[in-house]
Amino acid sequence: MSSSKWFNAVHLLVCPVTVLLGYLINAYGYGTALQATLNKDGLVNAVFVKKGWFWTSLVGWWCIIRYRAVPGATGRGRRRIAQSLKRYTILTVWWYVFTQGIWFGVGPIMDLVFVYTGGHCHYDVFDNAGHVNQDFQGSVTRTQRALALIHNVLTLHGDDQDHHEKKLWSRSVGSIQDVLQTAESANVTASAAAGINSFIHDQMHRWQGPLTTSAQCRRFGGHWAGGHDPSGHVFLTTLMCMFLLGELRVFGRRALAHLYAQKWHLLGMVTRLFDTGPLWTWRRCGGARPMSCGARLWRALVEPPVACAAALLRLTRCIACDHPVVVLLALLVTWLWQLLLTAVASHFHTVREHISGLLAAYLVTGVVYARDAAALRLV
Ligand SMILES: CCCCC/C=C\C/C=C\C/C=C\C/C=C\CCCC(=O)SCCNC(=O)CCNC(=O)[C@H](O)C(C)(C)COP(=O)(O)OP(=O)(O)OC[C@H]1O[C@@H](n2cnc3c(N)ncnc32)[C@H](O)[C@@H]1OP(=O)(O)O
């Protein structure tokens with residue numbers, strides 16, 4: 001099988017296989033340990049994955065420009081960049097309309113599918129036993145944050161309640177206050193729980209509405225539940241992996257050849273990072289002309305971190321400027337790892353919601369790169 005066919009196979013299969021692997025990990029009972037490493041509010045998810053199209057755009061375009069065809073072939077180089085820009089623009093528009101919004105005031109496709117299949121922004125704060133509903137926000141931190149927000153909105157509109165609502169209003173505010181102060185279950189009876197939930201739901205939709213997208217619902221402390229919710233994470237990680245692998249086809253050979261040609265230079269830069277241990281330096285200070293104790297301590301304890309920082313800076317600059325394909329591959333591995341975690345985290349989404357997120361990204365990127373396959377094969 002030629003390398004081009006291999007690459008084609010990897011490009012087409014890596015995302016579906018990663019999702020399938022996640023399901024197999026769950027099926028064989030190893031999912032719990034992996035799910036424990038998952039943090040919705042963690043740095044990787046909040047800063048990288050959720051803003052992943054920005055990072056993917058940045059690194060992808062830097063590689064496309066850095067590894068563009070040799071200056072001599074300007075016509076072909078310009079044509080390739082124009083083709084990459086066309087593919088990138090299609091995928092960026094698709095990313096936007098599927099996850100961010102179709103138009104001003106119109107939610108993204110993933111939320112429209114959800115709403116039209118019966119989904120809603122719920123406020124089931126208390127369960128039938130009068131405790132805070134565990135499924136309401138999924139974590140204590142998020143629940144506390146959501147309840148504080150609901151409490152502020154109810155307090156702000158306390159005077160807007162008519163006589164009948166006043167009683168419900170004070171009971172709702174009181175119950176939420178109990179939970180916020182004691183972080184335990186409020187003294188809400190089962191019969192009262194449903195009434196309080198429905199009152200909070202109506203108030204939040206009245207004062208903070210319309211809550212018709214997952215972003216608005218999340219922002220105003222609601223729980224996005226009840227419809228078919230295509231997984232935005234599966235969609236986004238698949239779209240990013242398919243884009244990076246697709247463009248790697250354009251410059252991958254040249255980038256990896258350049259990396260291979262400088263392998264010893266890079267290896268030397270990496271080993272120099274570790275060549276600064278204090279004991280190693282202390283031994284070297286012995287030598288023919290033994291140094292004073294103070295001078296040896298300076299050489300052993302102060303110079304090594306400085307030398308290590310300088311070596312790290314040189315290596316970072318070399319990779320970022322001369323071998324950005326290393327950063328692209330690191331991003332690719334990160335997105336695939338996050339895709340695996342999302343597939344393993346069965347409590348976030350059903351399999352069908354994963355599959356709809358996957359297909360939404362996969363079909364568009366498949367068509368975009370299949371259309372350019374002939375041009376890409378010649379690269
Ligand atoms: C044309 C120019 C050419 C030249 C370009 C040159 C250079 C380019 C340089 C720069 C680029 C400039 C322009 C490029 C164009 C565009 C730039 C893009 C800018 C951005 O990019 S600006 C980002 C704005 N956008 C946000 O700021 C985030 C908004 N948000 C979302 O867009 C969604 O969020 C999404 C889609 C990320 C996920 O959608 P979703 O929420 O539906 O996800 P899903 O339902 O699957 O997950 C259910 C729950 O499980 C949790 N979960 C699942 N898997 C998990 C895992 N593995 N680890 C931890 N938690 C996980 C989730 O965190 C979630 O929990 P929760 O939502 O409560 O956190």
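Just follow the structure's listing: the first ligand is 1, and inside any ligand the first atom is 1. Note that the coordinates shown come from a computational prediction; the quantities given were computed from them, not determined experimentally. Note: hydrogens, waters and symmetry copies are ignored here, and every other heavy atom, side chains too, is used.
- Using a 30° and 60° split on the angle between ring planes, H11 and F7 fall in the tilted class, from 30° to 60°.
- Side-chain atoms of N197 come within 3.5 Å of backbone atoms of V125 as a donor-acceptor pair (strictly under, hydrogens ignored).
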Inset, instruction - Take W53 and Y96 through the test ring pair (Phe, Tyr, Trp, His ring centres under 6.0 Å) and record every step on the way to the result. - result: CA-CA 10 Å; W53 195 246; Y96 194 84; over 10 Å; no
Inset, instruction - Test disulfide bond (SG atoms under 2.5 Å apart) on C217 and C121 and set out the steps. - result: CA-CA 6 Å; C217 184; C121 185; 2.1 Å; yes
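- One finds a salt bridge joining D322 and R66 here, because a Lys/Arg side-chain nitrogen approaches an Asp/Glu carboxylate oxygen to under 4.0 Å.
- Protein neighbours of ligand 1 below 4.0 Å, counting non-hydrogen atoms: L38, N39, K40, N45, K50, K51, W53, F54, S57, L58, W61, L85, Y88, T92, W95, T99, Q100, M110, R142, R218, S231, G232, H233, L236, Q338, L341, T342, F348, H349.
- Ring geometry, H223 versus F136: the interplanar angle exceeds 60°, so the pair is classed perpendicular (tilted spans 30 to 60°).
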